[in-house]
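One structure below.
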Amino acid sequence: MDDCTFDVESLRDEHESDSEWRMRREFLQANHRALPLDRLICLSRCFISIEVYGCTYPDEVMRQVQELSAGVQPAIMQEQRERMKQKYASYLVCPFI
């Protein structure tokens, strides 16, 4: 797919947070020439599920996402990891103890 026909902004899901979208948009932009659009969208969602939520997939999917995510800026990924750690750490604090 060439740059003229690739509208990355149209691919944002309505439920995505701004930080998740920044990560997924980077993944999409880095790989839009390498894959058919439907596969790219699928793997971009897998990428977010792996990085943000700790999901796992069959070995072949994990390998492909790892290869494709090499082009994503590490700072964006680190930002998301830190936000999620902070978010979930707040659930561990119990005011009744």
Side-chain angles (χ1 to χ4, degrees):
M1 180 179 316
D2 62 39
D3 291 332
C4 295
T5 60
F6 184 67
D7 179 15
V8 71
E9 296 303 322
S10 70
L11 302 177
R12 184 174 183 170
D13 293 327
E14 64 181 66
H15 65 275
E16 282 182 297
S17 69
D18 290 340
S19 56
E20 286 177 2
W21 173 237
R22 279 194 301 273
M23 288 176 61
R24 197 164 77 88
R25 182 176 52 215
E26 286 287 326
F27 185 94
L28 291 163
Q29 289 174 326
N31 297 295
H32 77 274
R33 291 181 193 93
L35 299 166
L37 184 58
D38 59 340
R39 183 68 176 161
L40 176 64
I41 291 170
C42 178
L43 290 174
S44 72
R45 290 176 178 148
C46 291
F47 167 69
I48 294 300
S49 295
I50 292 165
E51 292 299 323
V52 177
Y53 303 107
C55 297
T56 59
Y57 295 92
D59 291 342
E60 180 59 26
V61 173
M62 295 296 285
R63 182 195 59 73
Q64 192 171 17
V65 169
Q66 182 179 13
E67 288 174 6
L68 295 170
S69 65
V72 177
Q73 294 178 359
I76 292 173
M77 292 170 42
Q78 186 59 35
E79 170 192 345
Q80 180 62 23
R81 285 187 191 118
E82 292 303 317
R83 285 184 187 193
M84 295 310 290
K85 284 180 189 175
Q86 291 172 0
K87 179 179 177 179
Y88 290 113
S90 67
Y91 293 123
L92 300 176
V93 177
C94 181
F96 303 109
I97 296 179

When rounded to the nearest 0.5 angstrom, what distance separates CZ in Arg33 from CG in Asn31? 10.0 Å
How long is the gap from CZ on Arg45 to CG on Leu40, to the nearest 0.5 Å? 10.0 Å
Does atom CD of Glu67 have more than 12 heavy-atom neighbours, drawn from other residues, nucleotides or ligands, at distances under 6.0 Å? yes
Looking at every heavy atom in both Phe27 and Ser69, which two are closest together, and how far apart are they? CE1-N, 3.8 Å
From Asp38 CG over to Leu43 CG, what is the distance, rounded to the nearest 0.5 angstrom? 9.5 Å
Under the side-chain contact (heavy atoms from CB on, under 4.5 Å) test, which residues partner Ile50, sequence neighbours left out? Tyr57, Met62, Val65
Are any of the side-chain heavy atoms of Leu11 and His32 separated by less than 4.5 Å? no
All side-chain contact (heavy atoms from CB on, under 4.5 Å) counterparts of Gln29, not counting sequence neighbours: Phe6, Val8, Arg25, Glu26
Rounding to 0.5 Å, atoms CD1 (Ile48) and SG (Cys55) come to a distance of 11.0 Å
Side chains of Val72 and Met23: does their closest heavy-atom pair fall under 4.5 Å? no
Hey, are the side chains of Leu35 and Leu68 touching, using non-hydrogen atoms and a 4.5 Å cut-off? yes
Checking Glu16 now: which residues fulfil side-chain contact (heavy atoms from CB on, under 4.5 Å) with it, not counting sequence neighbours? Arg12, Asp13, Glu20, Trp21, Arg24
